[in-house]
Amino acid sequence: MDSYEPQTIETKWQAVWERERAFEVSNPEPGAPRNPRKFYMLEMLPYPSGELHMGHVLNYTIGDVVTHFRRRHGFTVLRPMGFDSFGLPTENAAIKEGGHPREITERNIANAGRQMRRLGWAIDWAREVSAHEVEYYRWTQWLFLKFYEAGLAYRKASPVNWCPNDQTVLANEHVVDGRCWRCGAVVEARNMEQWFFKITAYADALLNDLETIDWPARTKTIQRNWIGRSEGAEILFRVEELDLDIPVFTTRADTLFGATFFVVAPESPLVDRLVDGTERADEVRSYARIAAARSTEERETREKTGVFTGRYATNPVNGEQIPIWVADYVLMDYGTGAIMAVPAHDERDYEFAQRYSLPVRTVVAPRDGEVPIEGAFSEHTDDEVLVNSAQFTGKPAPDAKQAIVEWLSEQGKGKPAINFRLRDWSFSRQRYWGCPIPILYCDTCGVIPVPEDQLPVVLPDVENFRPKGEPPLASNQEWLWTECPRCGGRARREADTMDTFVDSSWYFLRYTDPHNDHAPFDREIVDYWGPVDQYIGGIDHAKGHLLYSRFFVKVLNELDLLGFREPFQRLFHQGWVKQGGAKMSKSRGNVTGPDVLVEAFGADAVRLYILFLGPADQDMEWNEEGAEGMVRFVRRLWRVALEAAERPAVEQVPPTDLARKAHETIARVTDDIGRRFVFNTPIAAVMELVNELSRAPEDPAARFAAETAVSLIQPYAPHVAEELWSCLGHGRLWEQPWPEADESLLQRDTIELVLQVNGKVRDRIQVPAGLPEEELIARAKASERVQAHLNGQEPRAFVVPDKLVNLVV
RNA sequence: GCCGGGGUGGCGGAACUGGUCAGACGCGCCCGGCUUAAAACCGGGUGCCCCUCGCGGGCAUGGGGGUUCGACUCCCUCCCCCGGCACCA
């Protein structure tokens, strides 16, 4: 008997799969009917950072199990792979170590591909795409143009995080405690022209359509909170001297009579208008400038500050003149950038009023006449009524909310309104390694999109990737200046590149038709495969990638480029693989790569082990100790299967205990993977079967048990399973139908009945299955051990048929 | 502060809709076999406590309380750990 040599059989079968293109699927012929057995399996694409880590191994092994499981259930499974290959880390590596980002990227992709093949994942490699390839990003640019034409991509000045040392804009997540994550310089707030996608236009659709997709509740909650829809009203406050109506958004119109002052955000253009020409102008402007320049980080932590403008606004409900302040606790980018302040019923307004000695007036109080405590804020206004509120006094708060808005609405001073916290997506980056934005600036014609037939705008080479006050692309003068397609004059190219999240917002669509060179994808083909049936990836993308992709698909749907409205029908988040309590990542330097493990244990054992470590959706601590145990299991399977292969095959599998165990295992594994979507317990189930088989090698059902174990473990350990399957005299296990449990064998003739007295187990007896309750009770009472605890009393009985009888005295 | 996830043996974890003395499966550890020896492999044991050592009794799923014939599972309350969000009017 040959011993188990993982390297040999893994190389062997990987070569077979590659030669036979075992996991490639073809696209439908034009006009082909929809395939109800299609299954689009996708895991989030990796960033090619050099080496895969165990988090990747977990992610793609789960996907691989699902892929095999579905394939063997008769589904046509599309399971592609690609690389999110633009982005800052590679650019930084190029700056630090020299070399071109493209070279580094392609080297890393080659290495990741090698590692993926070595793990034996069932990937359709014919569809591989990478974001940095011209054939890919020309279509990213094409899609940008479609968004631009539809008015969904636009340019505007906006405050950004600016690192004065690195001379670049930083994303919020790269600002740590107000400093640049890379160089530690204090980040400044700057106002710069940026490109935005109008994702806010889809806020309602993004919110409502969450109902239509099968996603984890917590992910939906994150998106709901991020979109942040709130219903309220827009109310006009008039500044009589300036003939100016300032709108404010509020969710508490019921507290309008309690507004004692008014606040405008420091960045608001209103500041200038309010103080222009007044004696306070200098003071207010200088406060506003300093406050606006402070980072968000700083503004959140420091105490609220503000300054009085000298102006007053009229409260529309009572004509009262209330002072207008400029204060840093009001945000420009939420609502209208101005608020009515009701210190009695809003904690922030209260804090501010305390600090600047502004009046506090209670207008909502508990129904029972109890006096509200100043400075205590209750969200439960349902039982409260209005006080000090003219004709609305005495009205329940929720009714008053509506009544006041209606009343103001009649006078043209207010209306119901809905506000979102979601902001438009800023996607321009002042970096080199990204997709160029196909836009030109012409002195005479203005902003001109690059005509479709001039795509792609190829990413040019530059001398230095490090930004020097302007984006790196601007340093290549030859590239930068071109001809205006409209007037033929000189035009300057947009030198910013796109955020990599743009690339990853549509990659799953490109996979369906990856070699199309006249469109990003064919409508019929994308509709055949799409949407993704099962998506797997980290929850860290909940409000980034997972929201952006939904937005993209909705827009593309409305542009008639595809026929569905959601990209990912079902979503699963794998947990983090941690090391030393921290998430594995290259920047932390705590990465364990698969190479050494595959070398030591074989790909099959590594795949089994990462899934056996714990529930796939929970974080797990990486620990190499137990990996040896998986090798032990595979060796044991190897031994017992080869032993069973020596035994003659039988027509009819005899219904022995072992055969029954095999069928039970089929049922468990199928239910666990198919319905429960859990991946650790099926391995334990097959281990039990193998253990039982090794204890009964002479059992007439031994061969059947071995075949069952091999067949069930195939999605996890495809190489050894394939090898053993052929030793058992069969071929191509990866194409075999998934085994089915024989229901009749699952029924036991006799069952073990548990007998409890007062909820404590006192005996267990063998009884025929399917006995009526009275009979079970009678048998329970007949038990000597039970009688010993009954003390001759007549018990009440609770029966779980075929399982348990509980006698209570 | 708010929201979410979690707390089960020395360790990772099982127990799926409350129902077979909770602890499957694996790691580790202990004992034994094989061996000159070790590794590998094979067999057995392994929650805690008490004991008249019996296929005996009791206690155990972060703490406390409750519902139920019966609770790891449901409810209340408290403690701890891990994430995410955080002046959103």
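We name chains A, B, ... by the order of the sequence lines, and we start the count at 1 in each one. If you're wondering where the values come from, they're calculated on a predicted model, not measured in any experiment.
- B:rG9 takes the syn form, because its glycosidic angle lies no more than 90° either side of 0.
- Searching all strands for a Watson-Crick or G-U wobble partner of B:rA37 with both distances below 3.5 Å returns nothing.
- Rounded to whole Å, the distance from CD1 on A:Ile683 to P on B:rC27 is 13 Å.
- Residue A:Arg348 has its side chain nearest to B:rC87 when only B:rU20, B:rC87, B:rG13 are considered.
- A:Val808 comes within contact range of the sugar-phosphate backbone alone, with a heavy-atom separation under 4.0 Å but no base atom that close.
- Between B:rA15 and A:Arg676, a contact under 4.0 Å exists linking OP1 or OP2 to a side-chain N or O.
- For A:Asn806, the side-chain atoms get nearest to B:rC69 when compared with the rest of B:rC69, B:rU20, B:rC25.
- The phosphate of B:rC2 has neither OP1 nor OP2 within less than 4.0 Å of any side-chain N or O from A:Asn225.
- Taking only side-chain nitrogens and oxygens, A:Arg632 comes nearer than 4.0 Å to OP1 or OP2 of B:rG28.
- Between the side chain of A:Arg636 and the base of B:rC41, no donor-acceptor pair under 3.5 Å is found.
- With both ends at atom P, the span from B:rG45 to B:rC27 equals 15 Å, rounded to whole Å.
- Using bins of under 30°, 30° to 60° and over 60° for the plane-to-plane angle, the ring pair A:His541/A:His545 lands in the perpendicular bin.
- When Watson-Crick and G-U wobble pairs are counted only if both distances are under 3.5 Å, B:rA14 pairs with no nucleotide at all.
- One finds a side-chain N or O of A:Asn680 lying less than 4.0 angstrom from the OP1 or OP2 phosphate oxygen of B:rA14.
- OP1 or OP2 of B:rC42 lies within a sub-4.0 Å distance of a side-chain N or O belonging to A:Arg639.
- Stacking between A:Phe798 and the base of B:rC69 is present: ring centres sit under 5.5 Å apart and the planes differ by under 30 degrees.
- Ion pairing of A:Glu688 with A:Arg668 is present here, as a side-chain N (NZ or NE/NH1/NH2) and a carboxylate O approach within less than 4.0 Å.
- Look at B:rC74: its Watson-Crick or wobble partner, with both distances under 3.5 angstrom, is B:rG66.
- Phosphate contact (OP1/OP2 of B:rG4, side-chain N/O of A:Lys220, threshold under 4.0 Å): absent.
- When both pairing distances are held under 3.5 Å, B:rG32 makes a Watson-Crick or G-U pair with B:rC42.
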